[in-house]
Amino acid sequence: MPREEGESPGYTFFMSVRVRFAPSPTGRLHVGNVRTALYNWLFARRQGGTFVLRIEDTDAARSESRFEEQLCRDLRWLGLQWDEGVEVGGEFGPYRQSERYPLYREQARGLLQQGHAYRCFCSPEELERVRAERLAAGHPPGYAGTCRDLDPGEAARRVKQGEPAVLRFRVREGAVSFDDLVFGRLEFDCRQIGDFVLQRSDGSPQYNFAVVVDDLGMRISHVIRGEGHVSNTPRQLLLYEALGEPPPRFAHLSTILGPDGAKLSKRHGSTSLGEFREQGFAPEALVNYLALLGWSPEGEGREILSREELCREFDLSRVHRAPAVFDQTKLTWVNRNHLRDRPAAELLPLVLPALQRRGWVGEDPPGPVSRWLESLIEALRKYLESGEALAQAAEVVFDFRPERDLEQPETREVLESDGAVRTIRAFQKALGGQDRIEVVDFKQAVKTAGKETGVRGRDLYHPIRIALTGRGSGPELDRVVELAESGRGLPLPSPPPGVRQRVERVLALLP
RNA sequence: GGCCCCAUCGUCUAGGGGACUAGGCCGCCGGCCUCUCACGCCGGAAACACGGGUUCGAAUCCCGUUGGGGCUACCA
C-alpha cells in the first residue's frame, strides 16, 4: 500500500536515522513485539541507521531483571542485534528507564516552572468517582481539572508539608496532528485528552513523559511502535511542543490477531518467541514470516526472503494498515523452505533438543553419535517442518515397540492379509547371517523373499515395513535399514535395534 | 458512552480510475510420482462487506451503514 509521504523527508539527509525498540521486561517476548522489533531493525538496516534497545522498567512491581536477560537473549537469537542500548552501551545512556530518574526530574522541574505542568492532590478514589460521573454524563472520562488552577505557591507549600501529589501536564486547547508513516495524517482534539500525569506521587515518571524525555535524549528520529500507541502520540506531541523540541516521525503498526480475529494471546497456542525456538524453528524463518505479516516486497510470488533481501527492501510505505492474522501453518511452510537446503550438520542444533526431550539422545553426544544423527536428519529431511516435527518422524527409528504397534487396526489388517507373515519369514531367512546388513543386502533379501513367495510390490514391501518399524508408513525402507544398522552399536541411552532384531521381535509376536 | 483506526479468496497479500475475465503465497480439493506417509511437480475451487454518490468508466475517489480493532489509568 504505497503512500506519498515516504520515510525519507529532506531532513534525513543531514539527520541520522535512529530508531528504538523499548519493551517492558514483564514477560517473554511476544510475536507482536517481535515484529515491532524486527520492523525497527529492518528500517535501521535499510536506512543505514542506528537501532537502540531501551528497557522501560518504570513499573517496578511487574518488571524483573530475568525477563530483561531473556529478552536480550531472544533478540540476539533472532539476529536482531542492537547497536546501542542495554548490555552494549552507547553515548546516550543509561538505557534502562529506572536509571534515568534524574533526567526525568530535571525536565519535570522545567515544565513546572514554565507552567506547563502543575501539582494535583486529588486522591485516586476522588479521581475514580469523578471519572464515573463524567462517563455517566456522556463526557470524555479524562481528568476534570480540579487542581488545574491551584496557586503554585500554595501547592508547593502543601508538597513541602508532605501531602502526596502527582505532576500533571496542562493540555492546551485546539488540536494536534501529525503524519503517520503508515496511517497517514491523523488529527486529535485536545478536549479529548485531559491533563495527564507526568510524575506519580512516588516521583516515578509516567509512561508518556519518560518516553518523550528518552526519545529526545537518545536522539530518536523515527518512533516505530504498536498501534495501541497512536492515542498516546498526541500527548507526546504536546510534550515535545512544551519542551520546545521537534518531535520525531511516527509509524504505527497494526495489531497481530489470532485465527479467531481477536488479539493474539496465549489461548491461540504458541505466541512467545521462546516457544518457537524450542519447537525448532529457524530464526531466519521467523524473521521472514514476521516481515511478511503486514508488509510485502515489490514483485509477485516472493515469499521466501533472506535477511539480506529484507534489509535491502524493507519499506515503511508498504506496511499494511489492517490487523493481520498470525498463521502458524504458513510459518511452518516458511520454516521448511529455509531448512530445506541446509546441510544436516547445521540442522542438528535445531533438532537435537527435541530428540533429547524424548530421552533418545543424551547430553553432549559424542562425535560418532552426532554424525549418525546427521544421517538421521538427512534421511528424514522430508519431514523437516521444524526440529520438533523431525524428532516426531524419528519415532520409526527410536521408538520401536511392536507389542504396542501391532495392536493398531491398520497394522493388524496388513499382517492378517494373505501371505504377509509368510513374506516376513521369507525375508528373515533371506537376510542371512552376516553381522552388518548393508542396504544392498537388504535389497537382495527383499528380492529373494519376493521370488520365494511370489509376492510383489505393495504386498511385498508393506509387511516388511511393519516388521522393521511397526508402522504402515514412514521414510524409504532403505533409509530405515541404514539408520537401524548404523545406529545399533552407538552409545545412546537406548540404542535403536538392528534389522535382524526388529524382525525377530515382530515374528515372536506373530502366529 | 466518547475519540481514533481498519475492511480484496478461509489466511497473508498484489492493486495508486481503463492494463481486472481481480494476480501470487499458505491452506483446501484433484491428479502425477511412489512399497507407505510425506516431499516434489501439475491442475482446480475460492474474494473486492453492504448502500449511496462522483465519473464516459470505480476494487481503486467521497459519504453513510455494518462489522472488526485500539484508546479512554498514579500500566506500558
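Here the structure is a predicted model, which is why all the values come from computation and not from measurement. In what follows, every chain begins at residue 1, and chains take the letters A, B, ... in the order their sequences are listed.
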Worked verdict on E388(A) versus Q279(A) for side-chain hydrogen bond (donor to acceptor under 3.5 Å, both in side chains): CA-CA 5 Å; E388(A) 188 60 33; Q279(A) 284 172 45; over 6 Å; no

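Nucleotides rA47(B) and rC74(B) are separated by 48 Å at their C1' atoms, to the nearest Å. Taking the P atoms as reference points, rC41(B) lies 44 Å from rC5(B), given to the whole Å. The same atom, C1', is picked in rA58(B) and in rA19(B); the two are 15 Å apart, to the nearest Å. Straight-line distance between the C1' atoms of rG17(B) and rC25(B): roughly 28 Å, to the nearest whole Å. Taking atom P on both rG69(B) and rC61(B), the two are 24 Å apart, rounded to the nearest angstrom. rC71(B) and rU54(B): their C1' atoms are spaced 34 Å apart (whole Å). Comparing the P positions of rC33(B) and rC42(B) gives a spacing of 15 Å, expressed to the nearest Å. Between rU36(B) and rA22(B), the distance separating the two P atoms is 40 Å to the nearest Å.
Distance, E125(A) CD to rA73(B) P: 16 Å, rounded to whole Å. When the P atom of rU36(B) is taken as reference, atom CZ of R465(A) falls 9 Å away, rounded to whole Å. Per the geometry, NE2 belonging to H320(A) stands 11 Å off C1' belonging to rG15(B), to the nearest Å. Residue L305(A) contributes atom CG, which lies 13 Å from atom C1' of rU13(B) at whole-angstrom precision. The separation between D327(A) atom CG and rC28(B) atom C1' is 12 Å, rounded to whole Å. The distance from atom CZ of F121(A) to atom C1' of rC74(B) is 14 Å, rounded to the nearest whole Å.
The partner of rA19(B) is absent, by the rule that a Watson-Crick or G-U pair needs both atom distances under 3.5 Å. Nucleotide rG64(B): paired with rC50(B) (Watson-Crick or G-U wobble, both distances less than 3.5 Å). Pairing partner, rC26(B): rG10(B), with both Watson-Crick or wobble hydrogen-bond distances short of 3.5 Å. Figure legend. rC33(B) is base-paired to no nucleotide; pairs are counted as Watson-Crick or G-U wobble with both atom distances under 3.5 Å. With a cut-off of 3.5 Å on both Watson-Crick or G-U wobble distances, the partner of rC3(B) is given as rG70(B).
Heavy atoms of L292(A) sit under 4.0 angstrom from primed sugar atoms or phosphate atoms, though from no base atom. At a threshold of 4.0 angstrom between heavy atoms, the contacts of V325(A) are confined to the sugar-phosphate backbone, with no base atom among them. Contacts of I304(A) with the nucleic acid, taken as non-hydrogen atoms under 4.0 Å apart, are absent. R225(A) comes within 4.0 angstrom of nothing in the nucleic acid, heavy atoms only. Using a 4.0 Å heavy-atom cutoff across all strands shown, C122(A) reaches at least one base atom of the nucleic acid. When heavy atoms are screened at a 4.0 angstrom cut-off, G294(A) is found touching the sugar-phosphate backbone but no base atom.
Taking 4.0 Å as the cut-off between side-chain N and carboxylate O, R381(A) and E378(A) count as a salt-bridged pair. Residues D214(A) and R20(A) are not paired through a salt bridge, judged by the lack of any N-O separation under 4.0 Å between the basic side chain and the carboxylate. Salt-bridge formation is detected for the pair E303(A)/K330(A): a Lys NZ or Arg NE/NH1/NH2 atom is positioned less than 4.0 Å from an Asp or Glu carboxylate oxygen. Between D59(A) and R62(A), at least one side-chain N (NZ, or NE/NH1/NH2) sits under 4.0 Å from a carboxylate O, which counts as a salt bridge. Salt-bridge annotation for E410(A) and R471(A): absent, with no side-chain N of the basic residue lying under 4.0 Å from a carboxylate O of the acidic one. In this structure, K382(A) pairs ionically with E476(A), as a charged nitrogen and a carboxylate oxygen lie closer than 4.0 Å. Between E313(A) and R302(A), at least one side-chain nitrogen of the basic residue sits less than 4.0 Å from a carboxylate oxygen of the acidic one, meeting the salt-bridge criterion. Ion pairing of E309(A) with R312(A) is absent here, as no side-chain N (NZ or NE/NH1/NH2) approaches a carboxylate O to less than 4.0 Å. Taking a cutoff of 4.0 Å between a charged side-chain nitrogen and a carboxylate oxygen, D399(A) and R404(A) qualify as a salt bridge.
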Using a cut-off of under 3.5 Å, enumerate the N/O to N/O pairs linking the protein to nucleotides 37-40 of chain B.
unit_1  : atom_1 : unit_2  : atom_2 : d
rC37(B) : O2     : Y383(A) : OH     : 2.2
rC37(B) : N3     : K382(A) : NZ     : 3.1
rC37(B) : N3     : Y383(A) : OH     : 3.3
rC37(B) : N3     : G474(A) : O      : 3.3
rC37(B) : N4     : K382(A) : NZ     : 3.1
rA38(B) : N3     : K382(A) : NZ     : 3.4
rG40(B) : OP1    : R340(A) : NH1    : 2.6

Could you pull out the protein-nucleic contacts involving nucleotides 69-71 of chain B (nitrogen or oxygen on both sides, under 3.5 Å)?
unit_1  : atom_1 : unit_2  : atom_2 : d
rC71(B) : O4'    : S231(A) : OG     : 3.4
rC71(B) : O2'    : S231(A) : OG     : 2.8

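Residue R321(A) places no side-chain atom within donor-acceptor reach of the base of rC5(B), judged by atom type and a 3.5 Å distance cut-off alone.
Picking from rU11(B), rC6(B), rU13(B) the nucleotide with the shortest atom distance to the side chain of S296(A) gives rU13(B).
For the pair R168(A) and Y143(A), the cation sits on the ring face: its NZ or CZ lies under 6.0 Å from the ring centre, inside 45° of the axis.
Put simply, S254(A) has no side-chain N or O that comes within less than 4.0 Å of OP1 or OP2 on rC6(B). For R35(A) and rC12(B), the shortest distance from a side-chain N or O to OP1 or OP2 is not below 4.0 Å.
Heavy-atom nearest nucleotides on RNA chain B were determined for H462(A) and for S201(A), and the one closer to the 5' end corresponds to H462(A). Closest-nucleotide positions on RNA chain B for P259(A) and Q206(A) were compared, and the one nearer the 5' end corresponds to P259(A).
Ring planes of Y39(A) and F314(A): tilted class, angle from 30 to 60°.
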